[in-house]
Structure formats: C-alpha cells, structure tokens
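In what follows, a single structure is set out as structure tokens and then discussed.
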Amino acid sequence: MANTVVITGANRGIGLSFTQQYLARGYTVYAACRNASDELKASGAKLVEGVDVGSDAGIKKLDEALQGVAIDLLINNAGILRDESLGRLNLDTIRAQFEINALAPLRVTELLAERLTANAKVALITSRMGSIADNNSGGRYGYRMSKAALNAAGMSLACDLKPRGIAVAILHPGLVGTDMIGGYGDITPDEAAERLMARIDELNLSSSGTFWHSSGQQLPW
Ligand code: NDP
C-alpha cells in the first residue's frame, strides 16, 4: 500500500483537501507549497515551504526537503487559471500558465522520479479544458493550451515510467468551489479530493496514461 505522498499546491483548495484526506488514511504527507496556510499547519503534514514550482529556488527547496525520501505517490496539483480571449491575448499570462501548469509538473516529476518506489503512482491534476475534442466554447487560450500540454506530458511519462511499474493518472477534478473559480462549483474541494483519490486507487499500469473525470468518466483528448 502506498503510504508516502508528495502533494504540490497543498496549502489551499483541492491540494489542502488531498493533504487532509491522505493524512486521515494514515499516510505520511509531504505538503509542498509557497506559504503554509493555518489549515495546512494544523493538519499534521510535513511542510515543505518555499516551493514555487515555477522557480529554480522552489525546485531546489523541494529537492533538499525530499532527500532520501521514498515516494509512493506524487500528486502534481498546483496550477493557475488566467483568462485570455481572441482580441485580448496576453502572452505573459499564457506563458505563466505554461510554466506552472505544464512545465512545472514535468520538472517536479523528473526531479523526484528516482525517488519513486517500484509500483508508485504519479497523478497529474489537469483539466477537461485541456481536452481538444471537448472544446466547444473557445477562449481561455493559456489554460487550455497548458493543460493540453500537460496531458501530452502525462502520456510520455506513462510510457517512460511503465518499465519501473509506475502508473500515471491524468485527472480532471470537476468544477470545484475553490478560489481558482471564485468559490462556486458543482462540488466542494473535499468531494473533489475524495473522488480523485478513488481514481488514483483504481489506477494501474493498464489504465496508465489515460484521461479521467473525477466522476469516473473517461475523457477524450
Ligand atoms: P486553487 O486556486 O484553490 O489552488 C491552487 C494551488 O496551486 C494553490 O495551493 C496555489 O498556491 C498553488 N500554486 C499556484 N501557483 C503556484 C506556484 N507557482 N508554485 C506553487 N504552487 C502554486 O485551485 P484548485 O485547488 O481549484 O486547483 C488545483 C488544481 O486543480 C489545479 O491544477 C487546477 O488547474 C485544477 N483544476 C481545478 C478546477 C476547479 O474547478 N477548481 C477544475 C479543473 C482543474 P498559492 O496559494 O501559493 O497561490
């Protein structure tokens, strides 16, 4: 049974709920974040602060804090949502989303790959908005493009890690009432984490590299 979990963006939102629920299951949780919230401090997780996943300094902090740690599950959860539309493109926000949503999870996974145990799991928290087939409303260029790029990375990771018995989950949480979307949503962060954890539990090498809604519906690329 997996019992050591590393979670990025653990201070609030879905990442905080993941942290609390894995702790409740008895797992050791390394909670990576830029700044720990009071809820995270109270959780009992092992705090790894100063981890801006988009910066060299943040990656170094994570590297140092996890020296010698055997990781059974890595959850790349940190992400950002900005808004651009045609006629109102902002290349800076598009680049920032690529940096945090696509490059950072790949970089974190590469950093920690050698510390993953045999048969460990890696979860990428992506978005249905990264599905090209599912896009019938347009806009949100940076978010959609960066999450599609993350999905592509997820498939390569699934291929590359399979020989070591490591499976990769590519997961959409649902519309979740967090700060990211102004607090409204179909489900709470706790419900989202619970559902995502069920999908991670089900993950195996045969389903590695496939794209799922937290509800259990497989999503098209
Ligand atoms: P929140 O905005 O509530 O939380 C985002 C988390 O990511 C925070 O912990 C934040 O930390 C962290 N983060 C952002 N930028 C960085 C960075 N540079 N370095 C380290 N951490 C960073 O969002 P959610 O909990 O809703 O989102 C979690 C994941 O779920 C994201 O990947 C998101 O794209 C995805 N998602 C969410 C949906 C929703 O409906 N909410 C729908 C689809 C996908 P800080 O407090 O320091 O900013």
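Source: prediction; values computed, not measured. Whatever order the structure lists them in is the order used to number ligands and atoms, beginning at 1. In what follows, residues are counted from 1 in the order of the sequence shown.
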- Decide side-chain contact (heavy atoms from CB on, under 4.5 Å) for Leu175 and Tyr184; before the verdict, give the C-alpha distance in whole Å, the side-chain angles of both, and the deciding distance to 0.1 Å. CA-CA 8 Å; Leu175 192 64; Tyr184 73 89; 4.2 Å; yes
- Show your reasoning for whether side chain to side chain donor-acceptor pair (under 3.5 Å) applies to Thr8 and Asn76. CA-CA 6 Å; Thr8 65; Asn76 285 288; 4.6 Å; no
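Trp212 and Thr210 share a side-chain donor-acceptor pair at under 3.5 Å. Ser207 and Glu202 share no donor-acceptor pair across their side chains, judged by distance under 3.5 Å alone. Inspection of the Thr28 and Asn3 side chains reveals no N or O donor paired with an N or O acceptor under 3.5 Å. Using modelled atom types, one finds no donor on one side chain facing an acceptor on the other under 3.5 Å when comparing Arg140 with Ser146.
Close contacts of ligand 1 with Gly13, meaning ligand atoms under 4.0 Å from a residue heavy atom, involve 3 (O), 25 (O). Listed by atom number, the atoms of ligand 1 under 4.0 Å from Ser127 heavy atoms are 43 (C), 44 (C). The distance from ligand 1 to the heavy atoms of Ile181 drops below 4.0 Å at these ligand atoms: 40 (O). Atoms of ligand 1 found under 4.0 Å from any heavy atom of Ile125 (numbered from 1 in listed order, with element): 29 (C), 30 (O), 32 (O), 35 (C). Those atoms of ligand 1 with a heavy atom of Leu175 less than 4.0 angstrom away are 40 (O). Close contacts between ligand 1 and Ile80 involve ligand atoms 14 (C), 15 (N) [criterion: under 4.0 Å to a heavy atom].
Closest to atom 23 (O) of ligand 1, if we only count protein heavy atoms, is Met180 CB, 3.4 Å. Summary of contacts: the protein heavy atom closest to atom 26 (O) of ligand 1 is Thr178 OG1, 2.6 Å. Nearest protein heavy-atom neighbour of atom 11 (O) of ligand 1: Asn11 OD1, 3.4 Å. In this structure, the protein non-hydrogen atom closest to atom 42 (C) of ligand 1 is Gly174 O, 3.2 Å. Residue, atom and distance of the protein heavy atom nearest to atom 44 (C) of ligand 1 are Thr126 O, 3.1 Å. Protein heavy atom in closest approach to atom 10 (C) of ligand 1: Arg12 NH2, 3.7 Å. Looking only at protein heavy atoms, the nearest one to atom 29 (C) of ligand 1 is Asn77 O, 3.1 Å. Protein heavy atom in closest approach to atom 20 (C) of ligand 1: Val51 O, 3.3 Å.
Atoms OG1 and CD1, on Thr4 and Ile71 in that order, are 8.5 Å from each other to the nearest 0.5 Å. Between atom OG1 of residue Thr126 and atom CG of residue Asn101 there is a gap of 8.0 Å, rounded to the nearest 0.5 Å. Summarising the geometry, atom CE belonging to Met155 is positioned 11.5 Å from atom CG belonging to Leu124; distances are rounded to the nearest 0.5 Å.
Not close to ligand 1: Thr8, with no non-hydrogen atom less than 4.0 angstrom away. Under a 4.0 angstrom heavy-atom cut-off, Leu16 registers as lying outside contact with ligand 1. The closest approach between a heavy atom of Gly185 and any atom of ligand 1 is not below 4.0 Å. Under a 4.0 angstrom heavy-atom cut-off, Gly177 registers as lying outside contact with ligand 1. Residue-ligand proximity: Glu99 is placed with every non-hydrogen atom at 4.0 Å or more from ligand 1.
Only the side chain of His172 comes within contact range of ligand 1, with a heavy atom under 4.0 Å; no backbone atom does. At a 4.0 Å heavy-atom cut-off, ligand 1 touches Lys147 through the side chain alone.
Using a 4.0 Å cut-off between a side-chain N of Lys or Arg and a carboxylate O of Asp or Glu, Arg25 and Asp201 qualify as a salt bridge. Electrostatic pairing of Lys60 and Glu64 counts as a salt bridge here, judged by a charged N lying under 4.0 Å from a carboxylate O. By the 4.0 Å N-to-carboxylate-O rule, Asp52 lies too far from Lys61 to be salt-bridged with it. The pair Asp179-Arg12 meets the salt-bridge criterion, with a side-chain N (NZ, NE, NH1 or NH2) lying under 4.0 Å from an Asp/Glu carboxylate O.
Of the candidates Ala78, Ala192, Pro105, it is Ala78 that places a heavy atom closest to atom 22 (C) of ligand 1. When Ala36, Gly79, Gly9 are ranked by how near their heavy atoms come to atom 14 (C) of ligand 1, first place goes to Gly79.
Leu47 is listed as a side-chain neighbour of Leu40, based on a closest heavy-atom distance under 4.5 Å.
Polar contact check, Arg34 against ligand 1: a nitrogen or oxygen pair lies under 3.5 Å apart. Looking at Val53 next to ligand 1, an N or O pair under 3.5 Å apart turns up. Where the criterion is an N or O separation shorter than 3.5 Å, residue side chain and backbone included, Ile14 meets it with respect to ligand 1. Ligand 1 has an N or O atom lying under 3.5 Å from an N or O atom of Tyr143, backbone or side chain. Taking any N or O of Val176, backbone or side chain, at least one lies under 3.5 Å from an N or O belonging to ligand 1. In terms of N/O distances under 3.5 Å, ligand 1 is not approached by Asn35.
Ring geometry for Trp221 versus Phe211: interplanar angle under 30°, hence parallel rather than tilted (30 to 60°).
The side chain to side chain donor-acceptor pair (under 3.5 Å) test applied to Asp63 returns Gln67, Arg115, not counting sequence neighbours.
Of the possible polar contacts, none joining the Arg195 side chain to the Asp190 backbone as a donor-acceptor pair under 3.5 Å is found.
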